[in-house]
Amino acid sequence: MGRMTHVLTALAWPYANGPRHIGHVAGFGVPADVFARYMRMRGHDVLMVSGTDEHGTPILVQADSEGLTAAEAAAKYNRIIVEDLDALGLSYDLFTRTTTGNHYQTVQELFTTLYGNGYILQKKTLGAISPSTGRTLPDRYIEGTCPHCGFDSARGDQCDNCGRQLDPTDLIDPKSRINGETPKFVEEDHFFLDLPAFADALNAWLDTRTGWRTNVLRFTKNLLDEMHPRPISRDLDWGVPIPLEGWVDRPDKRLYVWFDAVIGYLSATIEWARRSGDPEAWKRWWQDPEAVSYYFMGKDNIVFHSEIWPAMLLGANGEGAGGGEPGALGKLNLPTEVVSSEFLTMEGKQFSSSRRVVIYVRDFLERYSPDALRYYICAAGPENQDSDFTWAEFLRRNNDELVAGWGNLVNRSIAMAAKNFGAVPEPGELEDVDRELLAATRTAFDTVGDLIGANKVRAGIGEAMKAVAAANKYLADTAPWKMKEDPKRQGTVLYTVLQAVSDLKTIMSPFLPHSSQRVHELLGGEGVFAPMPYIEEVADLDEGGATDGPYPILTGDYSDVPKWESVPLVPGTVLEKPTPVFTKLEPSIVDEEIERLNA
RNA sequence: GGGGCAGUAGCUCAGCUGGUUAGAGCAGGGGACUCAUAAUCCCUGGGUCGCGGGUUCAAGUCCUGCCUGCCCUACCA
């Protein structure tokens, strides 16, 4: 990557049918934020965008169950999710929604371009609808008796008992899981994205990809062996209208939620640009061939980001088998890398809101600090394989690593300097041990930085913690508390360890921004060290969406971030006796939390 | 049914294109120190690398079969 590059950091769009749990933020939020924060510190022009995904049947189902309209339910959960992501310190440039007028326009623009280039087919299909509402009933919401094994609550797409894939019309005595009525199977007109037309172009593109996690690449290549046209419309009254004559005014036809949701990356960038006062600014991330884009998500979303979204972009660029011309948005960049995480499980079980195997972000942050959660996710998250969250492990990671390692280093070194000098001491001649410690933390900038850049967050924070251990060892070896009779040497040692702490707070800041800010202040620093996002209430920029009034966006000013480098401490800077940066937890929380889960 | 990933010390995990006695952190045991949220530092025991075949001078690492878990298979990261 060159000196200054435009880096789009695109995070999966949380679905707004409920609060998000810690598995969600482990999958897309924290890893992406670490990456974005680091890239900014390296001087790149980062844009981090996402928003809530608010269309589709599950929103309608949730709204019905709460006696709300879809727009009300979406707004409610949008706000909750925004507050949670803010509390975690995820440094979005814009976190918006898919119900904005701007999003509707962008989606329709892309549809129109794809349609004009001939990549959208119209076909008749047999689909299930709910007789009482006229809405499409997704296969998953239909249950009945499995024709193969007789299991009586097989779903329309698959039998959970025998594992066979089903067609809902195969089910004996099908019923809606939403209200128990018998679905009606009707012949409907729908639009399809002509995925097979992109097989060659996608293969060629994938062959140019480097650095992807092997499982993501392998999975994607496998998908390309068998591609079918994919429906992009539904019989629903909630979603983006289809921008074709004879369709756009129909209240019962909408674009399928996945089609509009992936376009959010583009529409959110455009919204950000318009709000920034430079409406053309979005092009720097989407049209500049030198710009790069990293997409973060959980593994269940790989197909949308590595196959379908690139296919849509190719189609809009006129680069599928049928050719064509770029539309009004010009020629758009395909993803540089699709960074997919695996899944976090919870005490050995899969997260499930309905079975109450869940820890919501909000509940977690009511009792524990955001950096405690961020540390756990960075150090033990599901990066390359599923990982299990247990409260016992959380306790251990927090107390034995974060508090006893990094927190203790900060506390002991600043406390000693404050007590003996009241300031950053003036160093004398450095000895070999001193130089070795400083060299070790300087080296950590490179090793940790390279790992973050390669999206190896676990290894990255592990290396950072090794540097922490080296500083603790340095103190054990030099024992400055025994140097009362030699204040000059004591000052040199304390200066050295404080410089190491200062470097480490910089290195830690992508992972643990809240506590790095605290360490910055404990070292006598002023101003913002690790910038935080904030919530702003805004009005929709355009008519025609479904936002239902002002809504909260998450944004921030990250223009003045510190550089990813060692900054010399200034001797004489006043130091106060520090208060602990991290909270040590009582072992009893393990039982309390497990009790809470079972309550 | 099809496909992907994983199965390495008590626990959580590293082990890239196969190559000397398989590594780390934590937990356990022993010791040192006292600046610090009893934190820190040093030493230390512990593994038939899921199971069975095969390729090779050589396999945790490649091939094959099986077992187990997770995920995708057209709307939950």
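Quick note on labels: first sequence line is chain A, next is B, and so on, each numbered from 1. Note that the structure is a prediction, hence the values are computed from the model and not measured.
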Student: Please tell me which of the listed nucleotides, B/G25, B/U37, B/A74, lies nearest to the side chain of A/Glu401?
Tutor: B/G25
Student: With sugar-phosphate meaning primed atoms plus P, OP1 and OP2, does A/Pro58 contact a base, only sugar-phosphate, or nothing at under 4.0 Å between heavy atoms?
Tutor: base
Student: List the protein contact pattern of nucleotides 7-16 of chain B with one symbol per nucleotide (5' to 3'): B for base contact, S for sugar-phosphate-only contact, - for none; contact means a heavy-atom distance under 4.0 Å.
Tutor: -----SSS--
Student: When the P atoms of B/G45 and B/A22 are considered, how many whole Å apart are they?
Tutor: 14 Å
Student: CG of A/Asp53 versus P of B/C76: gap in Å, rounded?
Tutor: 10 Å
Student: Tell me yes or no: between the side chains of A/Glu586 and A/Ser588, is some donor less than 3.5 Å from an acceptor?
Tutor: no
Student: How far, in whole Å, is B/C62 from B/C57 if one measures between their C1' atoms?
Tutor: 16 Å
Student: Heavy atoms under 4.0 Å, any strand shown: does A/Phe296 hit a base, just sugar-phosphate, or nothing?
Tutor: nothing
Student: Please report, rounded to the nearest Å, how far the P atom of B/U40 is from the CE atom of A/Met465.
Tutor: 10 Å
Student: Expressed in angstrom and rounded to an integer, what is the separation of A/Met346 atom CE from B/C76 atom C1'?
Tutor: 18 Å
Student: From CZ of A/Arg234 over to C1' of B/A74, roughly how many Å is that when rounded to an integer?
Tutor: 9 Å
Student: For the side chain of A/Ala404, starting at C-beta, report the closest nucleotide among B/A74, B/A39, B/C35.
Tutor: B/A39
Student: If you look at every strand shown and take non-hydrogen atoms under 4.0 Å, does A/Pro382 touch a base, only sugar-phosphate, or nothing?
Tutor: nothing
Student: Can you tell me how far P in B/C76 sits from the matching atom in B/C66, rounded to whole Å?
Tutor: 31 Å
Student: What about the rings of A/Phe394 and A/Tyr368, do their centers lie closer together than 6.0 Å?
Tutor: yes
Student: What is the distance, rounded to the nearest whole Å, between atom NZ of A/Lys473 and atom P of B/U40?
Tutor: 14 Å
Student: For A/Phe343, report the nucleic acid contact type (base, sugar-phosphate, nothing); a contact means any heavy atom under 4.0 Å.
Tutor: base
Student: So what does A/Val581 hit on the nucleic acid, given a heavy-atom distance under 4.0 Å: a base, only sugar-phosphate, or nothing?
Tutor: base
Student: When you measure from the side chain of A/Trp481, which nucleotide among B/U34, B/G3, B/A39 comes out closest?
Tutor: B/U34
Student: Take the protein atom CD of A/Gln62 and the nucleotide atom P of B/C76, then report the distance between them rounded to whole Å.
Tutor: 14 Å
Student: When the ring centroid of A/Tyr376 is compared with that of A/Phe389, is the distance short of 6.0 Å?
Tutor: yes
Student: Decide if the gap between the ring center of A/Tyr295 and the ring center of A/Trp212 is smaller than 6.0 angstrom.
Tutor: no
Student: What distance, rounded to whole Å, do you find between the two P atoms, one in B/G52 and one in B/C67?
Tutor: 15 Å
Student: For B/G23 versus B/C70, give the span between their P atoms, rounded off to a whole number of Å.
Tutor: 33 Å
Student: Determine yes or no for a side-chain-to-main-chain donor-acceptor pair under 3.5 angstrom, with A/Asn78 supplying the side chain and A/Ala74 the backbone.
Tutor: no
Student: A/Trp258 or A/Ala476: which one's nearest nucleotide on RNA chain B is closer to the 5' end?
Tutor: A/Ala476
Student: Which of the following nucleotides, B/U37, B/C35, B/C41, is nearest to the side chain of A/Lys577?
Tutor: B/U37
Student: Kindly indicate, with the supporting measurements, whether the criterion side-chain hydrogen bond (donor to acceptor under 3.5 Å, both in side chains) is fulfilled by A/Arg458 and A/Asn384.
Tutor: CA-CA 10 Å; A/Arg458 288 177 69 129; A/Asn384 287 308; over 6 Å; no
Student: Distance between the P atoms of B/G54 and B/A59, in whole angstroms?
Tutor: 12 Å
Student: Mind checking whether A/Phe259 and A/His55 have ring centres under 6.0 Å apart?
Tutor: no
Student: Take A/Thr98 and A/His103, measure what side-chain hydrogen bond (donor to acceptor under 3.5 Å, both in side chains) needs, and give me the verdict at the end.
Tutor: CA-CA 6 Å; A/Thr98 56; A/His103 180 71; 4.9 Å; no
Student: Measure from the side chain of A/Lys482, starting at C-beta and using heavy atoms only, and say which of B/C33, B/C35, B/C41 lies closest.
Tutor: B/C33
Student: Taking for each residue the nucleotide of RNA chain B bearing the nearest heavy atom, is the 5' side occupied by A/Ala415 or by A/Leu344?
Tutor: A/Ala415
Student: Which of these nucleotides, B/A74, B/C76, B/C72, is closest to any side-chain atom of A/His24?
Tutor: B/C76
Student: Please, what dot-bracket string fits RNA chain B when only Watson-Crick and G-U pairs with both distances under 3.5 Å count, crossing ones use [ ] and pairs to another strand use |?
Tutor: (((((((..((((.....[...)))).(((((.......))))).....(((((..]....))))))))))))....
Student: Between B/U40, B/U37, B/C5, which nucleotide gets closest to the side-chain atoms of A/Glu342?
Tutor: B/C5
Student: How far does the P atom of B/G65 sit from the matching atom of B/A27, given to the nearest Å?
Tutor: 43 Å
Student: Base, sugar-phosphate, or nothing for A/Ala417, non-hydrogen atoms under 4.0 angstrom?
Tutor: nothing
Student: Give the nucleotide from the list B/G4, B/U40, B/A74 with an atom nearest to the side chain of A/Lys299.
Tutor: B/G4
Student: Regarding A/Tyr265 and A/Trp309, is there a side-chain donor-to-acceptor distance under 3.5 Å anywhere?
Tutor: no
Student: Among B/C41, B/U37, B/A36, which nucleotide has an atom closest to any side-chain atom of A/Asn472?
Tutor: B/C41
Student: Of the candidate nucleotides B/A38, B/C72, B/C41, which contains the atom at the shortest distance from the side chain of A/Lys584?
Tutor: B/A38
Student: Do A/Val339 and A/Met297 come within less than 4.5 Å of each other through their side chains, counting heavy atoms only?
Tutor: no
Student: Looking at side-chain heavy atoms only, is the closest gap between A/Arg367 and A/Glu593 below 4.5 Å?
Tutor: yes
Student: Whole-Å distance between B/U34 P and A/Lys419 NZ?
Tutor: 13 Å
Student: Where does the angle between the aromatic ring planes of A/Phe191 and A/Phe111 fall among parallel (under 30°), tilted (30 to 60°) and perpendicular (over 60°)?
Tutor: perpendicular
Student: In this structure, how many angstroms lie between the C1' atom of B/A38 and the CG atom of A/Asp400, rounded?
Tutor: 12 Å
Student: Say you pick atom C1' in B/C16 and the same atom in B/G3; how far apart are they, in whole Å?
Tutor: 26 Å
